[in-house]
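To start, the structure under review is shown below, and the notes come after it.
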Amino acid sequence: MTGGEPPQHLAKYLGKEKLPIDPILLGRSSTFQTVTILANLVISDEGKFDAVSIMEITPSSLQGQEELYRQIVKTIYQNERFEPGYDKDPKVRIFSNLVVRVTIK
């Protein structure tokens, strides 16, 4: 692999499709609005969550709360399991990105 190229096999999420979220993370708003978050997760060569960056928040009126949603996505995935990325040899694991779409209702 040369610098800047993604691995041939990206990381894969091995957890559940639906996860509960602690209501405390969502704040004290009495009128919660459904939100969809497009996020980029960094997965380590050991298959552990390493970092998250938010790519998009829908509806756009919630863009100002990016840090809140970054923290929520981090909390959701920090203890989850992933298969690390790799190139030709699956025994040689490498850091990889994984783009996820999270909907909070």
Can you measure from [atom1] ([X]) to [atom2] ([Y]) and round to the nearest 0.5 angstrom?
{"X": "Glu83", "Y": "Ser96", "atom1": "CD", "atom2": "OG", "result": "10.0 Å"}
{"X": "Arg101", "Y": "Met55", "atom1": "CZ", "atom2": "CE", "result": "9.0 Å"}
{"X": "Ile43", "Y": "Asp50", "atom1": "CD1", "atom2": "CG", "result": "8.0 Å"}
{"X": "Glu67", "Y": "Lys74", "atom1": "CD", "atom2": "NZ", "result": "9.0 Å"}
{"X": "Ile57", "Y": "Tyr69", "atom1": "CD1", "atom2": "OH", "result": "7.0 Å"}
{"X": "Phe95", "Y": "Lys48", "atom1": "CZ", "atom2": "NZ", "result": "10.5 Å"}

Could you tell me whether the side chain of [Y] reaches within less than 4.5 Å of the side chain of [X], counting heavy atoms only?
{"X": "Ile72", "Y": "Ile104", "value": "yes"}
{"X": "Asp87", "Y": "Ile94", "value": "yes"}
{"X": "Glu80", "Y": "Leu14", "value": "no"}
{"X": "Ser53", "Y": "Arg70", "value": "no"}

If hydrophobic clusters are built by linking Ile, Leu, Val, Met, Phe, Trp and Tyr wherever their side-chain heavy atoms come under 4.5 Å apart, do Leu19 and Leu38 end up in the same one? no

Hydrophobic cluster membership, Val73 vs Ile21, 4.5 Å side-chain cutoff: yes

For the residue pair Tyr86 and His9, categorise the inter-ring angle as parallel (less than 30°), tilted (30 to 60°) or perpendicular (more than 60°). parallel

Check the angle between the aromatic planes of Tyr13 and Tyr77 and answer parallel, tilted or perpendicular using the 30° and 60° thresholds. perpendicular

Arg93: what forms a salt bridge (charged side-chain N to carboxylate O under 4.0 Å, His left out) with it, not counting sequence neighbours? none

Criterion side chain to side chain contact (heavy atoms under 4.5 Å, CB included) against Ile37, the qualifying member of Thr58, Ile54, Leu62, Val100: Ile54

Criterion side chain to side chain contact (heavy atoms under 4.5 Å, CB included) against Val42, the qualifying member of Leu98, Asn97, Val52: Asn97

Working for side-chain contact (heavy atoms from CB on, under 4.5 Å), residues Leu41 and Phe82: CA-CA 11 Å; Leu41 308 181; Phe82 299 86; 4.1 Å; yes

Looking at every heavy atom in both Gln63 and Glu56, which two are closest together, and how far apart are they? NE2-C, 4.3 Å

